[in-house]
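Starting from 1, each residue takes its place in the sequence as its number. These numbers come from the heavy atoms of this one structure, side chains and all, not from hydrogens, waters or symmetry mates.
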Amino acid sequence: MFYNAMGLILADNKKISLGELTVPRALSAIPFAGRFRIIDFMLSNMVNSGIKNVGVLTLNKYKSLMDHLGTGAAWSLDRKNDGLHILPPYVNSEATGINGDEELAGVLDFLRTSRATYVIVANSNIVLNTTFDDMISAHEKSGADLTIMYNRDSTKYGNPCYILDTDNDGFVKDMLFNPQKASSNKSSLGIICLRRDMLVDIISKQMSHGLTHFGIHSMVKMFDELKVYAYEYQGTVLRINSVQGYFNSSMSLLDETVRNDLFWSGDPIYTKVKDEAPTLYFDNADAKNSIISDGCRIYGNVEDSIIFRSVTISKNTTIKNCIVMQDVHISENCHLENVILDKNSFVRPGVRLVGHRDYPVVIGKGAGI
């Protein structure tokens, strides 16, 4: 069922840092699953829900994100009306910057130019494949002012996390941030639904009180004055909350059940198309239980790893439990285990680098070791 809704994705999260991985780019632009970026999942979910007007709120380091999103053509959002809108700081003249209001001013301007009834606002650190029809329907039936999506994985993926405490009717009566002892296993997914005009009123009120940060959970905290309903999502969810969370979420894709739930059980996940030749596997090359993208040249051994596009793995080299991003060159006679190699990095001959599954070694973008 189609609902008259618009979307807003928050490309950054001030409470989440992935170390070297977020130095050159926004959180939502981190490469994931061999050929995607994290934002591809939430953006595809909105498009698959029939949403044709999507804004992406950026704060800093958004060049990589802009290069990836482009005009939105990969998601059919290159339109004469509505479409994809990137909202960087100082996107309009209302943002003076004197009080740090550039973030809220850009969101407010985007909302006012639309006629949609509802807004889906989502953080970009969540990987799932869904549509928002059922959530909007539940929101209407509950009579709530705001509805937040959650699942029951509690603190499975580590901090930061928000735990929701609800009454018997499903309305939020408390919310805890990184509690030592959780009173509930209902963990917020950072996705909310509310009426567009109500969101405009909330933001206008925040600006008039000198508040400058636009956050999903800051609105959920208003459960004393708003009716906040909690909607449960029961499908597969991966959270990118930390380097460890990114590594574990990536490695979980090697599980066929998880992979099928995210890519084959629902609507397609779209991304920017890049035409590459098929991967070449040379004599003595060996690959086991790995996701290997196109354009690679494999001379060595790859096991339980995720290899992005245009990666070269040389002779007598073993890659195990690793994430190797685009355009990485790994020389001969190397052994890498539990390592994340960012784009355009290279490994010199004979290097041995072994991390721990819970503490993977991270090599930054363009670095050489």
Q: Do NZ/NE/NH1/NH2 and the carboxylate oxygens of Glu20 and Lys365 come within less than 4.0 Å?
A: no
Q: Over all heavy atoms of both residues, which pair between Ile30 and Leu21 is shortest? Give the atoms and the distance, please.
A: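 What the structure gives for the nearest pair is CG1-O, 4.1 Å.
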Q: Under 4.5 Å between side-chain heavy atoms, counting indirect links through other Ile/Leu/Val/Met/Phe/Trp/Tyr residues: same cluster for Leu108 and Ile202 or not?
A: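 Per the 4.5 Å side-chain linkage, Leu108 and Ile202 are co-clustered.
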Q: When you measure from the centre of the six-membered ring of Phe177, is the NZ or CZ of Lys15 closer than 6.0 Å and no more than 45° off the axis?
A: yes
Q: Would you check if there is a donor-acceptor pair between the side chains of Ser265 and Asn260 at a distance under 3.5 Å?
A: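 Checked: Asn260/Ser265 side chains show no N/O donor-acceptor pair below 3.5 Å.
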Q: Tell me whether Asp67 is salt-bridged to Lys63, with the criterion being a basic N under 4.0 Å from an acidic carboxylate O.
A: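 Salt bridge flag = yes for Lys63 with Asp67.
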Q: Within a strict 4.5 Å, meaning less than it, do heavy atoms of the Thr58 and Pro89 side chains meet?
A: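 Contact flag for Thr58/Pro89 side chains = yes.
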Q: Does Gly245 offer a backbone N or O that forms a donor-acceptor pair with the side chain of Ser242 under 3.5 Å?
A: yes
Q: Under 3.5 Å, is there a donor-acceptor pair linking the side chains of Ser64 and Arg37?
A: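 Their side chains do contain a donor-acceptor pair, which is all the 3.5 Å distance test asks for.
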Q: Inspect the contact between Glu225 and Lys205 and indicate whether a charged nitrogen and a carboxylate oxygen are less than 4.0 angstrom apart.
A: yes
Q: Looking at Ala11, is its backbone amide N or carbonyl O close enough to the side chain of Ser28 to form a donor-acceptor pair, meaning the two atoms are under 3.5 Å apart?
A: yes
Q: Indicate the ring-plane relationship of Trp75 and His68, choosing parallel, tilted or perpendicular according to the 30° and 60° boundaries.
A: perpendicular
Q: Under 3.5 Å, side chain of Ser49 to main-chain N/O of Ile51, donor-acceptor pair present?
A: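 Checked: no pair found.
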Q: Which residue is it: Val237, Thr236, Asn45? I am looking for the one with a side-chain contact (heavy atoms from CB on, under 4.5 Å) to Asn129.
A: Asn45
Q: Taking the basic N atoms (NZ, or NE/NH1/NH2) and the acidic carboxylate oxygens, is any pair closer than 4.0 Å for Asp167 and Lys173?
A: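 Result for this pair is no, no salt bridge flagged.
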Q: So, for Leu353 and Val361, which heavy atoms are closest and what is the spacing to 0.1 Å?
A: CD2-CG1, 3.9 Å
Q: Are Ile216 and Asn123 close enough that some pair of their side-chain heavy atoms sits under 4.5 Å apart?
A: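 Side chain of Ile216 against side chain of Asn123, heavy atoms only: contact under 4.5 Å found.
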Q: Strictly distance-based, threshold 3.5 Å: is any side-chain N or O of Ser114 a donor or acceptor partner for the main-chain N or O of Leu111?
A: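 No; zero donor-acceptor contacts below 3.5 Å.
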Q: Can Asp327 and Lys343 be said to form a salt bridge (Lys or Arg N to Asp or Glu O under 4.0 Å), step by step?
A: CA-CA 6 Å; Asp327 293 317; Lys343 293 175 60 177; 5.9 Å; no
Q: Can any side-chain N or O of Asn338 pair as donor or acceptor with the backbone N or O of Val354 at less than 3.5 Å?
A: no
Q: Do any N or O atoms from the side chain of Thr279 and from the backbone of Ser293 form a donor-acceptor pair under 3.5 angstrom?
A: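 Indeed, once roles are kept as given, a pair shorter than 3.5 Å links the two residues.
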Q: In terms of side-chain geometry, is the basic nitrogen of Asp201 or Arg196 positioned less than 4.0 Å from the acidic oxygen of its partner?
A: no
Q: Between Ser142 (side chain) and His139 (backbone), is there a donor-acceptor pair under 3.5 Å?
A: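 Looks like yes, one N/O pair under 3.5 Å.
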Q: Quick one: do Ile38 and Leu254 end up in the same hydrophobic cluster if we chain Ile, Leu, Val, Met, Phe, Trp and Tyr together by side-chain heavy atoms under 4.5 Å apart?
A: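 Ile38 clusters together with Leu254.
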Q: Please check if the side chain of Ser249 supplies one atom and the backbone of Tyr246 the other of a donor-acceptor pair under 3.5 Å.
A: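 No; zero donor-acceptor contacts below 3.5 Å.
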Q: Answer yes or no: is there a side-chain heavy-atom contact under 4.5 Å between Tyr231 and Ile148?
A: no
Q: For Val302 and Ser305, which heavy atoms make the closest approach, and how far apart are they?
A: CG1-CB, 3.9 Å
Q: Just so I know, are the side chains of Thr317 and Asn301 near enough to count as touching, which here means a heavy-atom distance under 4.5 Å?
A: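 Of all side-chain heavy-atom pairs linking Asn301 with Thr317, none is under 4.5 Å.
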Q: Do the non-hydrogen side-chain atoms of Gln326 and Arg35 ever get within less than 4.5 Å of each other?
A: no
Q: Just so I know, are the side chains of Ile307 and Ile291 near enough to count as touching, which here means a heavy-atom distance under 4.5 Å?
A: no
Q: Just say parallel, tilted or perpendicular for the rings of His217 and Tyr162, cut-offs at 30° and 60°.
A: parallel
Q: Just by distance, do the side chain of Asp255 and the backbone of Thr257 share a donor-acceptor pair under 3.5 Å?
A: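 Yes; at least one donor-acceptor contact below 3.5 Å.
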Q: Going by distance alone, is a donor N or O of one side chain under 3.5 Å from an acceptor N or O of the other, for Arg239 and Ser187?
A: yes
Q: Contact between Leu189 and Asn151 at the side-chain level, heavy atoms closer than 4.5 Å - yes or no?
A: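 The answer is yes; the side chains approach within 4.5 Å.
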Q: Does any N or O in the side chain of Lys61 come within less than 3.5 Å of the main-chain N or O of Thr22, such that one atom is a donor and the other an acceptor?
A: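 Side chain of Lys61 to backbone of Thr22, a donor-acceptor pair under 3.5 Å: yes, one is there.
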Q: Please tell me if the side chains of Gln234 and Arg152 come closer than 4.5 Å, counting only heavy atoms from C-beta onward.
A: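 Side-chain contact under 4.5 Å: no.
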